[in-house]
Participant: 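My structure is below; once you've seen it, I'll send some questions.
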2 protein chains.
Amino acid sequence: MVENPSLRAPTGSEIADWVRDRIRAGRFVPGQRLVEVDIIRQTGASRSKVREALQRLEGEGLVQIEEFRGASVKNASLEEVRQIYRARVALEGICAGDFARQATPEQKERLCAVQDALDRCVEDRAPERFGRLNVEWHRLIVEGSGNSVIADLLQRLNVPIHRLLFESFYDDERLRTANADHQNMVKLLLAGDADASEQAMRRHIEDGFVTLSKIESEFYR
Amino acid sequence: MVENPSLRAPTGSEIADWVRDRIRAGRFVPGQRLVEVDIIRQTGASRSKVREALQRLEGEGLVQIEEFRGASVKNASLEEVRQIYRARVALEGICAGDFARQATPEQKERLCAVQDALDRCVEDRAPERFGRLNVEWHRLIVEGSGNSVIADLLQRLNVPIHRLLFESFYDDERLRTANADHQNMVKLLLAGDADASEQAMRRHIEDGFVTLSKIESEFYR
DNA sequence: CCGGACAATATTGTCAACAATATTGTGATC
DNA sequence: GATCACAATATTGTTGACAATATTGTCCGG
């Protein structure tokens with residue numbers, strides 16, 4: 001494998017991870033066909049392992065498989081992105097509330113650290129770094145809610161929109177308003193105000209989708 | 001295949017459906033090992049298809065696969081059930097709100113019909129039928145929210161707790177209070193009161209988990 | 001009777017060959 | 001040049017055989 005030139009042949013789930021990461025990174029774009037032989041060449045895995053990995057990814061909803069036409073990266077329409085954001089509103093909202101109720105001091109500490117780093121990104125106008133830390137910020141809140149089932153669901157939901165999550169922050173105004181949301185929410189979360197935290201998170205994610213759909217409509221114009 | 005004695009060999013996703021249905025129905029219980037040869041014998045599928053189906057089910061989170069020990073039905077602990085219910089609270093709550101906002105007259109009509117049938121079940125003390133219609137009642141609300149992504153998520157979340165959803169209603173008091181919730185919620189949904197609908201749904205599902213955990217703790221006593 | 005060592009069996013993992021289908025290339029005809 | 005039919009190639013689907021590992025059965029000593 002290019003990334004893993006060890007002698008040991010990669011396992012099935014490693015192939016799935018490899019493909020999943022590439023989809024996340026935008027190396028495989030929606031609609032692109034995933035030809036088995038290509039994956040074999042690049043990973044060194046056997047064909048049956050590649051096939052099983054693709055089946056698993058279809059189970060995860062990342063890929064679609066058609067008879068005799070193989071696997072291709074599933075294309076998320078704007079409507080599907082809207083539905084994903086609606087699910088995020090519900091799930092991350094409740095996680096914010098649960099974080100406020102029950103996060104440990106260590107978890108709160110880590111959130112503050114990431115928030116400080118985000119603030120520096122705004123000063124330095126570093127949108128890429130902001131995007132990465134933003135993902136981490138949201139992940140920490142879910143982790144602090146103590147619900148790994150929801151964490152898994154969100155992990156999956158985020159893959160098709162992973163690149164979109166970064167697009168928004170190249171607009172400086174959006175970056176600033178998003179970070180203002182973050183700062184406000186951190187206050188509420190640390191104060192343990194569950195209801196206000198949940199409401200703030202829901203609005204924050206809804207705003208994110210509005211920004212995104214503006215970018216998308218420009219793109220298609 | 002026993003259920004499908006046609007000449008055509010079943011496809012990969014049909015095998016996945018077959019196993020998934022059996023897990024839902026309780027024919028395959030948590031922890032049970034899913035031996036490839038047995039599934040081949042019962043379905044007539046080839047081995048590679050069975051293996052791919054099991055991989056897909058692992059992707060869906062229904063099954064776990066261990067090296068050289070194969071697939072087994074994933075066991076949901078009480079803690080995991082709690083987390084699933086928390087996710088349901090978030091997702092079905094938001095769906096209730098969206099149903100109140102935008103369900104079509106036909107969708108409202110169908111919900112009323114199911115509610116009438118549920119009422120008759122309470123009079124007739126028919127808990128099994130109530131359980132089936134209850135699943136349909138919840139499904140209709142999600143459908144009326146117009147969010148198929150959330151519908152898929154809930155479909156998956158419900159599999160590990162499918163049997164539990166029926167257990168509660170053998171207690172006559174729980175059946176009556178649950179149906180009172182339903183009646184109240186139908187009023188709110190038809191009136192288009194999104195916020196009240198969401199709150200009512202959240203309380204309803206939370207109550208369901210409380211009842212369930214009482215049953216479980218009795219079971220383990 | 002119990003427990004461990006070893007053999008026998010069962011089950012899963014891997015690979016390669018072949019069949020079925022889709023995709024691409026080529027040439028003839030208009 | 002455009003379009004259709006047909007061949008050539010590429011890609012996926014299926015099957016079977018064999019290797020690796022786990023599970024079960026058996027025997028023996030204590």
Side-chain angles (χ1 to χ4, degrees), chain A residues 1-2 4-20 22-23 27-75, chain B residues 1-2 4-20 22-23 27-75:
Chain A
M1 170 166 356
V2 175
N4 169 26
S6 71
L7 295 174
R8 176 180 62 86
T11 75
S13 53
E14 279 173 346
I15 304 297
D17 293 343
W18 186 84
V19 176
R20 203 186 299 108
R22 297 215 140 192
I23 294 175
R27 184 78 183 71
F28 291 153
V29 298
Q32 180 170 351
R33 281 176 64 172
L34 303 172
V35 178
E36 294 172 1
V37 184
D38 294 342
I39 300 177
I40 291 170
R41 267 199 286 266
Q42 294 184 64
T43 62
S46 68
R47 203 175 147 211
S48 38
K49 281 188 176 175
V50 171
R51 287 178 65 84
E52 286 172 0
L54 291 173
Q55 287 282 343
R56 178 191 306 220
L57 291 173
E58 197 190 24
E60 293 180 15
L62 269 164
V63 152
Q64 65 179 29
I65 298 179
E66 293 164 291
E67 179 117 359
F68 295 112
R69 301 202 55 226
S72 53
V73 181
K74 209 167 158 189
N75 200 344
Chain B
M1 168 161 5
V2 175
N4 169 24
S6 70
L7 294 173
R8 177 180 61 85
T11 76
S13 53
E14 279 173 347
I15 304 297
D17 292 342
W18 186 84
V19 176
R20 201 185 300 106
R22 297 215 141 192
I23 294 175
R27 183 80 185 70
F28 291 153
V29 297
Q32 179 170 351
R33 282 178 62 173
L34 303 173
V35 178
E36 294 173 0
V37 183
D38 294 343
I39 300 177
I40 291 169
R41 268 199 284 268
Q42 294 185 63
T43 62
S46 67
R47 198 172 153 215
S48 43
K49 281 189 175 174
V50 171
R51 286 180 65 83
E52 286 172 0
L54 292 173
Q55 288 282 344
R56 176 191 307 221
L57 290 172
E58 196 191 23
E60 293 180 14
L62 269 163
V63 152
Q64 64 179 28
I65 298 179
E66 293 164 290
E67 180 118 356
F68 295 112
R69 300 201 57 225
S72 53
V73 181
K74 209 166 158 190
N75 201 344

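For the numbers below, each heavy atom of this structure counts, side chains included, while hydrogens, waters and symmetry mates do not. All chains are named by letter (A, B, ...) in the order of the sequence lines, taking the proteins before the strands, and each is independently numbered beginning at 1.
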Participant: Who pairs with A/Arg33 by salt bridge (Lys or Arg N to Asp or Glu O under 4.0 Å), at least two apart in sequence or on another chain?
Facilitator: none
Participant: Applying side chain to side chain contact (heavy atoms under 4.5 Å, CB included), name anything that partners A/Glu36, two or more places apart in sequence or on another chain.
Facilitator: A/Arg47, A/Val50, A/Arg51, A/Leu54
Participant: What does nucleotides 7-13 of chain C look like as a protein-contact string, B for base, S for sugar-phosphate only, - for none, at under 4.0 angstrom between heavy atoms?
Facilitator: ----SBB
Participant: Mind checking side chain to side chain contact (heavy atoms under 4.5 Å, CB included) for A/Asp38 and listing every partner two or more places apart, or none if nothing turns up?
Facilitator: A/Val35, A/Arg41, A/Gln42
Participant: Is any side-chain nitrogen or oxygen of B/Ser46 closer than 4.0 Å to OP1 or OP2 of D/dT15?
Facilitator: yes
Participant: Does a side-chain N-to-carboxylate-O contact under 4.0 Å join A/Lys74 and A/Glu58?
Facilitator: no
Participant: Does the side-chain contact (heavy atoms from CB on, under 4.5 Å) test come out yes or no for B/Leu62 and B/Val73, once each step is laid out?
Facilitator: CA-CA 6 Å; B/Leu62 269 163; B/Val73 181; over 6 Å; no
